[in-house]
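Each chain gets a letter, A, B and so on, in the order the sequences are listed, and its residues count up from 1. Please read all numbers here as calculations on a predicted model, not as lab measurements.
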Amino acid sequence: MNKPKLMESNKILRTTKENFIDLTLNTIYKGKQVLIFNNSKNSSEATAEKVAIANKRVENKIELEQLAQKILKSLQTPTKQCRRLAKCIQKGTAFHHSGLTGKQRTLVETNFKSGLIKVISSTPTLAAGLNLPAYKVIIKDYKRFSARGMADIPVLEFHQMAGRAGRPGKETIGRAVVLVKSEEEQDRVIKKYIFGKSEEIFSKLAVEPTLKMYLLSLISMDMINSKNEIKDFFKNTLYAKQYQDLEGLYFNVFKILQTLKGYGFIDQQDDYYRATRLGKRVSELYLNPDTANYFLENLDDLEQIFSKEIYNEYDTYKLIHFVVNAIEMRPLFRLQRSEEDIYMAKVSDLGDDMVTKYDPFEMDYRELMQTFKTSDILQDWITEKSEDDICEMYKTTPGELNYKLSNLDWLLYSLEEFAHLKKMHFFKNVIKKTRIRFKNGVKEDIISLVSIKGIGRVRARKLYSANIRSYSDIKKVSYRKLEEIIGRSVAHKLKQEIGNEYTENDTVVYQNSKPTQIKVREVSHEEVDELVATHIKYIEEEKEVIKSAEKNNSLLNYF
DNA sequence: GGACGGTGAAACTTCAGGTTGCCTC
DNA sequence: GAAGTTTCACCGTCC
């Protein structure tokens, strides 16, 4: 067997061929933790995996196994990424990037803080907002892909990462290591990142969408209303100090005010500006005014699509594609080289049929193809494709999918609000239903089933396939049959949730009553559904009464 | 001789991130 | 620029 060699410079025990693995192992074998920064998601996963394989001294195996199981169970069906993370965690190593779901990220972060996980290999996400210090930080890549090839990361970002070394209050020192390949590179890195100056920070106020959003929100909160107040406010901004071009800034501001007026979001009386009711709502929703205007301008066309008695999945696709075109959905899912032909064909087949038509001055062709890819992914989600299949097919991750879904829900909610303001009640309900579909990832036929506590997309579909299609069906079905479909414990919980418990003979024992066996009366589906509908209607009416009582400050009188 | 599987070199492809609404449990 | 993935040619084995 080969004797392990020592690196001359810093006495690191060498057991592998890669520096970062030896550095990491040496640190964790001393009982300390390591953060490794990579420049891509793939690379952060591969790095974690390499360290995990090389780690021969794993502590707290039982706790780590439990954590790995939690990671696997954090999605309805574990994806390839979940399985990879769980495997690393069994060895006390984890990766962390935007592709993980919120739940998985929290699990990794809290268990690193508690000391169970010894190593996190991450993209720069971790350096930005989180307070996760470690004894040693290894900056594996200080270059990142950009439009002009590989480029050095900014000095500020380098400091962000290196600054994670050392745990204030717990240790007196920390170490930050950057990997280089030659002495020349080492000199350059020291000069640039250790002794060099950080980049200057520039105001982004000149960027029109940002300015538009802030102007509307400042006016809507009545912080600035008159022309003089507006000028005074912007005179004191970082932008004004940096560029000294006040006249140019005022010109932009008043041009935007005209646009907002044109959108109907603000009113002007002489030199005084006020937000309209609509403008206030747009600001409250944190919507970009351009997006809000885009929604409002197309509301009638959208309503028209759903005005028929029966609408289909293609109509829903048009709605998704419409929302995907909002600026808030950017960046869209990236297009793979191998997908180009597919989406070129899709654009030519469906492009003219969508509500948002292609405008080459507004969007490049690739982006247009990406709007279709993003819509496809989102539609696959509500037609019950598994997360694993979606991630595999479109080369994406559960975290990115979740992020897009939450953005979409926010935009759909805003659209629903506008439909409400315009009294488009049927269309409002269509959006509401679509939101439930996105929340649960289901087709329309099982919406009522997923609204029951403890029933997700998988169980709902199982129930539906077994002809159990409503709340009343669940009430009627025998305990034994329910158990066969969704398992013993869920079936039990469900029966409890409903409020009565069926015996195996299909007799019912009412809660809060003597445990006598009472024969169930034969009731038709229609009869029970009617009862449930009456009950729901009653609750809705109650809510309305409470709402109006709240509005009139007469809640106490009501009760 | 053809089908099949394994191997390795060459060619091709891809590359970070994450504010904001509202509701309900 | 580098790492990962796919493609393809080549070779050996088996039927």
Taking OP1 and OP2 of B:dC22, is either one under 4.0 Å from a side-chain nitrogen or oxygen of A:Arg281?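 True: A:Arg281 side-chain N/O within range (under 4.0 Å) of B:dC22 OP1/OP2.
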Which residues in residues 154-164 of chain A have at least one heavy atom lying under 4.0 Å from any atom of DNA chain B? none
Partner nucleotide, any strand, of B:dA16 [Watson-Crick/G-U, under 3.5 Å]: none
Evaluate whether atom OH of A:Tyr286 has more than 12 neighbouring non-hydrogen atoms of other residues, nucleotides or ligands under 6.0 angstrom away. no
With sequence neighbours excluded, give me every salt bridge (charged side-chain N to carboxylate O under 4.0 Å, His left out) pair touching residues 33-43 of chain A. A:Lys41-A:Glu400
Can you tell me the distance, in whole Å, between the CD atom of A:Glu339 and the P atom of B:dC12?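 After rounding, the reported distance stands at 19 Å.
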Are A:Arg330 and A:Glu367 within salt-bridge range, i.e. N to O under 4.0 Å?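 Yes, this pair counts.
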Distances under 3.5 Å between nitrogen or oxygen atoms of protein and nucleotides 2-7 of chain C:
none

Between atom CG in A:Asn407 and atom C1' in B:dT19, what is the gap in whole Å?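 Distance check: A:Asn407 CG to B:dT19 C1' gives 9 Å.
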Starting from C1' on B:dG17, measure out to CG on A:Leu126 and report it in whole angstrom.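 Nearest whole value for this atom pair: 13 Å.
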Using atom CZ of A:Arg366 as one end and atom C1' of B:dT13 as the other, report the distance to the nearest whole Å.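 Taking CZ of A:Arg366 and C1' of B:dT13, I get 11 Å after rounding.
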Selected nucleotide, minimal atom distance to A:Thr123 side chain, candidates B:dG17, B:dG21, B:dC25: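 For the A:Thr123 side chain, the nearest candidate turns out to be B:dG17.
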Determine the interatomic distance between P on B:dA16 and the same-named atom on C:dG4; round to the nearest Å. 13 Å
A:Arg334 vs B:dA16: side-chain N/O to OP1/OP2 distance below 4.0 Å: yes
Does A:Tyr286 contact B:dG21 through a side-chain donor or acceptor facing the base, at a distance under 3.5 Å?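 Counting by modelled atom types and ignoring angles, no donor-acceptor contact under 3.5 Å is found here.
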Side chains of A:Thr93 and A:Glu49 in contact at under 4.5 Å (non-hydrogen atoms):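 No, their side chains stay 4.5 Å or more apart.
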Taking the side chain of A:Arg105 as heavy atoms from C-beta outward, which of B:dA16, B:dC15, B:dG18 is closest to it?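 Taking heavy atoms from C-beta onward, the closest nucleotide is B:dG18.
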Mind checking side-chain hydrogen bond (donor to acceptor under 3.5 Å, both in side chains) for A:Glu303 and listing every partner two or more places apart, or none if nothing turns up? none
Establish, with yes or no, whether the OP1 or OP2 oxygen of B:dT13 is under 4.0 angstrom from a side-chain nitrogen or oxygen of A:Gln336. no
Over all strands shown, is A:Arg144 touching base, sugar-phosphate only, or nothing at heavy-atom distances under 4.0 angstrom?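 A:Arg144: base contact, heavy atoms under 4.0 Å.
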Using the ring-ring contact (aromatic ring centres under 6.0 Å, His included) criterion, which residues pair with A:His97? Sequence neighbours excluded. A:Phe95
Sugar-phosphate, base or nothing in reach of A:Ser406, heavy atoms under 4.0 Å: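 Result for A:Ser406 = base.
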Compare side-chain N and O positions of A:Ser98 against OP1 and OP2 of B:dA16 and report whether any pair is under 4.0 Å apart. no
Could you go through residues 288-295 of chain A and list every donor-acceptor pair under 3.5 Å that involves a side-chain atom there, pairing it with any protein atom two or more places apart or in another chain?
from: A:Asn288; atom 1: OD1; to: A:Asp290; atom 2: N; distance (Å): 2.8
from: A:Asp290; atom 1: OD1; to: A:Lys212; atom 2: NZ; distance (Å): 2.9
from: A:Asp290; atom 1: OD1; to: A:Tyr263; atom 2: OH; distance (Å): 2.6
from: A:Asp290; atom 1: OD2; to: A:Lys212; atom 2: NZ; distance (Å): 3.0
from: A:Thr291; atom 1: OG1; to: A:Glu328; atom 2: OE1; distance (Å): 2.7
from: A:Thr291; atom 1: OG1; to: A:Glu328; atom 2: OE2; distance (Å): 3.3
from: A:Tyr294; atom 1: OH; to: A:Phe322; atom 2: O; distance (Å): 2.7
from: A:Tyr294; atom 1: OH; to: A:Thr356; atom 2: OG1; distance (Å): 2.6

Find the distance A:Phe145:CZ to B:dC12:C1' and express it as a whole number of Å.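 Roughly 14 Å, once rounded to whole Å.
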Check side-chain contact (heavy atoms from CB on, under 4.5 Å) between A:Val180 and all other residues, then give those that pass, not counting sequence neighbours. A:Tyr142, A:Glu185, A:Gln186, A:Val189
Nearest-angstrom distance from the residue atom CG of A:Leu285 to P of B:dT19: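 Those two atoms, CG and P, are 18 Å apart.
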Between atom CZ in A:Arg337 and atom C1' in B:dA11, what is the gap in whole Å?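 Taking atom C1' of B:dA11 as the reference, CZ of A:Arg337 is at 12 Å.
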Picking from B:dA16, B:dG21, B:dG17, which would you name as closest to the side chain of A:His97?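 Among the listed nucleotides, the one closest to the side chain of A:His97 is B:dG17.
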Identify whether the distance between the nearest side-chain nitrogen and carboxylate oxygen of A:Glu384 and A:Arg457 falls below 4.0 Å.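 A salt bridge is absent here (no side-chain N lies under 4.0 Å from a carboxylate O).
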Taking atom C1' of B:dC15 as reference, at what distance in whole Å does atom NZ of A:Lys41 sit?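 In whole Å, B:dC15 C1' lies 9 Å from A:Lys41 NZ.
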Return the 5'-most residue of the pair A:Asn38, A:Met213 with respect to DNA chain B, ranking by each residue's nearest nucleotide. A:Asn38
So, using side-chain contact (heavy atoms from CB on, under 4.5 Å) as the criterion, who are the partners of A:Lys140 when residues are at least two apart?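 Counting only residues at least two positions away or on another chain, A:Lys140 forms a side-chain contact (heavy atoms from CB on, under 4.5 Å) with A:Phe20, A:Ile36, A:Asn38, A:Ser43, A:Thr47, A:Leu179.
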State which residues pass side-chain hydrogen bond (donor to acceptor under 3.5 Å, both in side chains) with A:Ser217; sequence neighbours excluded, sorted by chain then number.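 Partners of A:Ser217 by the side-chain hydrogen bond (donor to acceptor under 3.5 Å, both in side chains) criterion come out as none, since no residue qualifies.
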In chain order, what residues pass the side-chain contact (heavy atoms from CB on, under 4.5 Å) check against A:Lys439, with sequence neighbours excluded? none
Sub-4.0 Å heavy-atom contacts from residues 411-434 of chain A onto DNA chain B, ordered by number: A:Tyr413
Can you sort out the partners of A:Thr237 under side-chain contact (heavy atoms from CB on, under 4.5 Å), two or more places apart, ordered by chain and number?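 Result, side-chain contact (heavy atoms from CB on, under 4.5 Å) vs A:Thr237: A:Leu205, A:Phe233, A:Phe234, A:Tyr239, A:Ala240, A:Leu249.
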